[in-house]
Structures are given as C-alpha cells and as structure tokens.
Amino acid sequence: MFIGATAALLVAMALTLIRAFAGPTLFDRVLAANSFGTKTVLLIGVLGFLTDRPEFLDIALLYALVNFIGTIAVLKFFRYRNLGLSNTEAADREEID
Amino acid sequence: MTGAGMITIVDIALLTMLCFTAIAIMVLRHLFAVAALTGAFSLLSAGLLVALDAVDVAFTEAAVGAGISTVLMLGTLALTQRREHRPPRFSLTALLVVIATGGALIYATSDMPAYGDPNAPALKHVVPFYIEGSQNDIGVPNIVTSILASYRGYDTLGEVAVIFTAGIGVMFLLGLRREDEDDEGATRRGPGRPPDAPKPGGTKS
C-alpha cells in the first residue's frame with residue numbers, strides 16, 4: 001500500500017513540477033511550487049512508513065512549518081512588494097490602496 | 001516489490017526532478033519564478049537526503065534552503081528588479097572551464113569509497129568508539145544526535161556563538177530600526193525601497 005502511495009506521490013510531484021516550469025502565469029508557478037512543498041512533506045512521511053521508521057513523521061511536520069513560513073513570505077511580497085515593513089507602515093500602505 | 005527497491009526508484013525519480021528543476025532555474029528569466037523553483041530544489045534535495053538516511057542534514061536543508069533562503073531571495077527581489085537581463089553572449093571559454101571542472105570532480109569521485117562501505121576510512125577513526133559508547137554514555141537513540149549534542153557539545157556551542165555574533169553583525173549593518181522610532185515620519189517610505197518600485201497591490205508582471 002505504501003509503495004502505491006509513494007508511486008502516486010512521485011507522479012503528482014512530477015506533474016506539479018511540470019506546471020511550475022510551464023507557467024504560463026506567475027500565479028501558476030507560485031501555486032505549483034507551494035503544492036510541491038506539500039507533496040514533499042507527504043513523500044517524507046510515506047518514506048518513513050516504507051522503511052518501517054515512522055519517526056520520519058516529525059521531520060515531515062517541520063517541513064510543513066517551513067512551507068508555511070515560505071507561503072507567508074510569498075503572500076506578503078505579493079501584497080506589499082516588500083518584506084521589511086513594520087505593522088504601522090503596512091497599515092499605512094493599506095489605506096493608500 | 002520490496003521497500004528497498006522502491007527507495008531506489010524514489011532516488012532516481014527525485015534526482016531526475018532535481019535535474020529538470022536546475023535546468024528550469026537556468027532557463028527562466030522571471031526571477032520570482034526562479035525564487036519559487038529554488039525552494040522546490042531545496043525541498044527535493046532534502047527529500048533525497050531523507051532517502052539517504054541523513055535525516056539531520058535534511059532538517060538543515062529544509063530549514064535553511066527552503067525556508068530562510070526563499071524569504072531572503074524574495075526580500076532581495078523587493079529591493080531589485082524582478083527580471084534577469086539576457087546574458088550578453090554565449091561564452092565558449094566559460095563552458096569549457098565548467099566542463100573541465102565538472103569532469104575533474106567526477107573523476108575524483110572514483111577514488112571515494114562506495115556508498116555504505118563499512119571499511120571507508122572516515123568510518124574507521126572514532127566512529128566505532130561512538131557506536132559502542134553512545135548508548136551507555138549518552139542514552140540518546142540517534143547516534144548522530146548524541147555526537148552533535150553531547151560528544152561535540154562544546155563545538156556546537158561555539159558554532160552557535162559564531163552564528164549568533166554574525167547575525168548581530170548583519171543586523172547592525174542593515175540598520176534595522178526599532179518599532180518605537182517609527183512614530184515620527186509617517187510619510188516615510190519603507191527601508192531601501194527603490195524610488196521606481198511598482199505601486200503596492202499591482203501584482204501584474
């Protein structure tokens with residue numbers, strides 16, 4: 001069962017990667033890279049069970065956290081075109097919009 | 001099919017995707033997409049390291065490569081422009097130098113012991129001592145963790161001190177402002193924002 005899951009995950013990773021290469025818009029690429037991270041988290045979890053070492057799940061959890069930080073950074077970049085704004089400056093920008 | 005056979009297939013698939021990602025990073029000119037793809041590249045290599053049982057290295061790769069590096073690259077993109085200029089021309093000399101260096105490196109790997117060889121020189125020095133003693137001396141199930149956190153504890157502490165000092169130095173160089181200094185100057189723009197930066201909210205590129 002885990003072998004089948006691994007194969008399916010690899011196919012899904014390849015598909016998202018193709019979408020990240022092909023585009024056509026920027027949002028396709030960002031979404032593809034993001035879901036690619038999720039696929040990696042799942043793959044590492046499944047790999048742990050495949051080799052009878054379920055403790056890999058902890059690492060998969062860490063990856064999920066890292067992915068989350070990356071998503072926040074990407075979204076902030078899209079919204080404000082800047083990552084170094086403080087809260088008040090960000091609020092000012094919001095009013096200008 | 002056994003689990004070990006499946007691991008080989010996973011290795012091959014991950015390496016293939018790694019190659020294609022690297023080529024795409026070279027070819028693409030839109031730097032935002034490149035930043036996203038380098039994150040994917042780091043995650044792929046972290047997956048490979050997990051498949052190679054180097055779980056602690058995979059941890060570092062995921063945290064630094066996929067997490068912090070992506071954020072830093074996006075921060076750089078906010079300060080510069082988001083499109084890479086075309087290289088002026090194709091350089092044959094550079095290609096030859098790269099091919100020669102790569103060939104030399106590949107030739108050098110033929111001297112290395114085979115993957116997983118228990119008689120490799122690196123595993124003969126202090127490793128038997130660690131493997132025998134770790135369970136009684138430290139009591140941590142993972143030997144790598146016991147080496148890093150206990151046998152080489154002072155070494156790790158020194159590394160943390162060095163990285164902490166470097167971080168403080170970088171923060172001073174960048175001149176990060178404190179929150180309470182922001183009150184005067186409500187019209188001031190963000191730090192280092194180029195004057196011709198696109199308007200916020202304009203996400204078309």
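Naming convention: chains lettered A, B, ... in sequence-line order (proteins, then strands); numbering from 1 in each chain.
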Given a strict heavy-atom distance threshold of 4.5 Å, which part of [X] is in contact with chain A: side chain, backbone, both, or neither?
X: B:Ala58; value: both
X: B:Ala13; value: side chain
X: B:Thr21; value: both
X: B:Leu43; value: both

Exercise for review: Between chain A and each of B:Ala51, B:Gly47, B:Ala33, count heavy-atom pairs under 4.5 Å; write down the option with the most.
Suggested key: B:Ala33

Point to revise | Distance, nearest 0.5 Å, that separates CD of B:Glu61 from OG of B:Ser69 | key: 8.0 Å

Check your understanding: Atom CG in A:Leu57, atom CG in A:Leu47: separation rounded to 0.5 Å?
Key -> 11.0 Å

**Study point:** Enclosure of B:Tyr130 OH (heavy-atom neighbours >12, cutoff 6.0 Å)
**Key:** yes

Point to revise | Nearest non-hydrogen partners of A:Ala12 and A:Lys39, listed with the distance | key: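 Where A:Ala12 meets A:Lys39 most closely, the heavy atoms are CB-CE, 3.5 Å.
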
Practice item. Return the orientation label for the A:Phe21 and B:Phe20 ring planes: parallel under 30°, perpendicular over 60°, tilted otherwise. Key: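 Rings of A:Phe21 and B:Phe20: tilted, as their planes differ by 30° to 60°.
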
Practice item. Test A:Ile44 against every option in A:Leu42, A:Val46, A:Thr40 by the side-chain contact (heavy atoms from CB on, under 4.5 Å) rule and name the one that passes. Key: A:Thr40

**Study point:** Region of A:Leu43 that comes under 4.5 Å of a non-hydrogen atom in chain B
**Key:** side chain

Exercise for review: Would you mind checking which part of A:Ala7 comes under 4.5 Å of any heavy atom in chain B, side chain (CB onward), backbone (N, CA, C, O), both or neither?
Suggested key: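 For A:Ala7, backbone and side chain are both near chain B.
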
